[in-house]
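In what follows, a single structure is set out as structure tokens and then discussed.
In the text below, chain A, chain B and the rest are named by the order of the sequence lines, each starting its count at 1.
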Protein chains: 2
Amino acid sequence: MSQKPFVSAQEVAERAGVSRSAVSRTFTPGASVSPETRRKVVEAAEVLGYHVNHLARGLMLNESGIVCLIVSEMGTPYRSSLIRAVTQQLQDAGKIAMLVNTDRSDGSVDLALRQAIRYRADASIILSGMPDKSLTQLCLKNGQRLVLINRDDDQEGPLRINLDDAAAAGRLVTAFLRAGCRRLAFANSEAGTPSLMAREHGFVAAAKAMGLEVVVERYGPTGYESGRVLAQRLLTLSERPDAVFCATDLIACGFMDAARHQFSISIPDQLCVAGFDDIEQAAWSSYQVTTFAQPVEAIAREAVTWLGSDDAEDPAARNHSVRLNADLVWRSSIRGG
Amino acid sequence: MSQKPFVSAQEVAERAGVSRSAVSRTFTPGASVSPETRRKVVEAAEVLGYHVNHLARGLMLNESGIVCLIVSEMGTPYRSSLIRAVTQQLQDAGKIAMLVNTDRSDGSVDLALRQAIRYRADASIILSGMPDKSLTQLCLKNGQRLVLINRDDDQEGPLRINLDDAAAAGRLVTAFLRAGCRRLAFANSEAGTPSLMAREHGFVAAAKAMGLEVVVERYGPTGYESGRVLAQRLLTLSERPDAVFCATDLIACGFMDAARHQFSISIPDQLCVAGFDDIEQAAWSSYQVTTFAQPVEAIAREAVTWLGSDDAEDPAARNHSVRLNADLVWRSSIRGG
DNA sequence: CACGCAATTGCAAAACTGTGCAATTCTTTG
DNA sequence: CAAAGAATTGCACAGTTTTGCAATTGCGTG
């Protein structure tokens, strides 16, 4: 392992005939270096293949430039698109993303957060699960920023980015009614994520306000297969629903496939379906599912700009929460429009 | 920015009433510490919330534990599943993944690799694009390992993991023939990736060996939309193909959707279709596309175990190349079976 | 030419860890 | 109880960077 180490500023300094400091200053924007020495340093660095050591730099400045992304099921379309957006914006802001996988097990997020602390990440962005409160407090106490995306939590300190899941779900009820639907159903997974539950409750509440009951069914993980199972359960009821809101586009895809191929139901003629997330597949012509768009770019922008801003000191900004809208994307899985 | 820094080993040592070395040794597996001092140190560390600083550790050991993943279009199903697999296996091996986005622009991969050098990554895994040769040489010279996945390159030094794209594509010809197809076509993107071209050439060559001509069409990026366009081009030919091999499952999905919904062609009765990658959507009942499975777990395992092994010194292992099989996954987009 | 001012440069300290080496303590055996 | 051997502990250094402070250089002006 102990290979000959990377080339250091010392070596560059010697080759350029200047001091270490000059090398450092050359690569520090805004530092005072004469054009002549800068030229010599850059030249020597080029020849030797010198790159500033960000480990040492982070040690010195107490600012590593690393942002830790904590996420489970990253192979899923919505998650991966969010990872892509965040990673890109971090890069544009001169930072770099560290990726940590979590699974459903309990201590998993805690372990991930500990990893973030070990590498002295400037911030952690949590896309899945919730860490223990004492651990988040530790992060904050040590000056590490925290961003919680779609995690309902009222701690002070972290930036909390949330969607108007409930409100969006509510708007869908009127859309279903306008399409002439009366027997509403909600197809959810058993994950119990805050956003999933908000969609469910928002939908049920809005329906109730209109004097309608909603059949709620929950099954398995949040994915395509669960959608199929949910279809089998909901479409074999004696009072078969004529409108189903699926908690997720993946669920919606599974639901629609089962409805069409197994029950020979025509969508949207006999059954209206809606989803959430606006994943790429929702736009595929086999599905064309009406859905709510996750504003991934906006989410990423909010997170990254907050990380870049210096309002950690500002006590007013300590309790920062952002609520974004999920716009309805109208496609042909609901009648009318 | 200059918050009160994280708690250091020094503080733990003072609280535990031992020397800083004792703290270090407590967290170094295999070091000599008495059970008594270990207890005191662990206790103090627990109370103070101490975590070893991996930046300083990496500086000292010349081994950061960081592995850089360089990848473009990470929102795509195949890419994201590979990222998931690699990230997970790296974690299991005690390392951590750094994620760098690249776009199509030319210097993009070089920039990413420079970032890997700055953070003194132990290794870089390149999933997309090819860096400049001088830069890979610089990486290797500095003891950074390099893994190229599905990049055809014959440099010595990096581990090269490749699929038998051409051979797999060849096997497909006989499957098409057995289904009674005679007018073969290949639907490719314009990306020109080594693996995509290998599939194309392997398919064309095997067909030629059977005395059959293949209509090759290329268009746009490697995605669903391109599949639709390719369908419009291939299915309006005077001699309409009765078997199409799509370079990617995403292309296949777009192709099938256009074929069915736009041209009212029945699959597999009037047209056989195959894809590549075995993404999750390929198994969805709207597609059920016969395809070749990317062995993502095996790829990840090969990469990570090689990174863990100490055969960098071994000159015989310097030139290490792995070739994996892509197994045919039979579904109902091809007749018979 | 001498002087003052601005710009540049170098020294040294600080950040945090792992580890070789010597010194100390503990255990065991005669 | 003495002594040898083993285990443990502490000191000090190395590794790479940034930056405050002091010293030096360069330049314009009286």
Proximity to the side chain of Leu61(A) - top-ranked nucleotide from dT19(D), dT17(D), dG18(C):
dT19(D)
Of dT17(D), dT19(D), dT19(C), the nucleotide closest to the side chain of Thr28(B) is dT19(C)
How long is the line joining CD of Gln10(A) and C1' of dA12(C), in whole Å?
14 Å
Looking at dT17(D), I'd like to know if its phosphate oxygens (OP1 or OP2) sit under 4.0 Å from a side-chain N or O belonging to Tyr50(A).
yes
d(CG, Asn53(A); C1', dC16(C)) in whole Å
13 Å
Could you check whether any side-chain N or O of Arg323(B) sits under 3.5 Å from a backbone N or O of Asn162(B), counting only pairs where one atom can act as donor and the other as acceptor?
no
Residue set satisfying salt bridge (charged side-chain N to carboxylate O under 4.0 Å, His left out) with Glu14(B), at least two apart, ordered chain then number -> none
To the nearest Å, give me how far apart CZ (Phe27(B)) and P (dC16(C)) are.
16 Å
Can you build the contact string for nucleotides 7-15 of chain D? Use B for base contact, S for sugar-phosphate-only contact, and - for no protein heavy atom under 4.0 Å.
-BBBBB-B-
So if I apply the side-chain contact (heavy atoms from CB on, under 4.5 Å) rule between Gln91(A) and each of Val100(B), Thr102(B), Leu111(B), which one comes out positive?
Val100(B)
Separation of Asn142(B) atom CG from dT16(D) atom C1', in whole Å?
14 Å
Rounded to whole angstrom units, what separation is found between the CD atom of Glu63(A) and the P atom of dT19(D)?
10 Å
Assign Ser24(A) to base, sugar-phosphate, or nothing according to its heavy-atom contacts below 4.0 angstrom with the strands shown.
base
Please tabulate, for the side chains in residues 15-24 of chain B, all donor-acceptor contacts under 3.5 angstrom to protein atoms that are two or more places apart in sequence or on a different chain.
unit_1: Ser19(B); atom_1: OG; unit_2: Ser21(B); atom_2: N; d: 3.3
unit_1: Ser19(B); atom_1: OG; unit_2: Ala22(B); atom_2: N; d: 3.4

Only pairs under 3.5 Å count here: list side-chain donor-acceptor contacts from residues 295-303 of chain A, not counting sequence neighbours, and write none if there are none.
unit_1: Glu297(A); atom_1: OE1; unit_2: Gln89(A); atom_2: NE2; d: 3.2
unit_1: Glu297(A); atom_1: OE2; unit_2: Arg84(A); atom_2: NH2; d: 3.1

Any sub-3.5 Å donor-acceptor pair from Asp122(A)'s side-chain atoms to Ser64(A)'s backbone N or O?
yes
Degree of bending in the helix from dC1(C)-dG30(D) to dG30(C)-dC1(D) once both end axes are built from five pairs, to 10°:
40°
Glu36(B)/Arg39(B) ion pair, N-O < 4.0 Å
yes
Nearest-angstrom distance from the residue atom CZ of Phe6(B) to P of dT17(C):
12 Å
Among residues two or more places apart or on two chains, list those pairs meeting salt bridge (charged side-chain N to carboxylate O under 4.0 Å, His left out) that have a residue in residues 103-119 of chain B.
Glu73(B)-Arg104(B)
Please report the distance, rounded to the nearest Å, between NE2 in His51(A) and C1' in dT17(D).
16 Å
Taking Leu146(A) as the fixed residue, which of Leu159(A), Thr136(A), Ile125(A) is the one that meets the side-chain contact (heavy atoms from CB on, under 4.5 Å) rule?
Thr136(A)
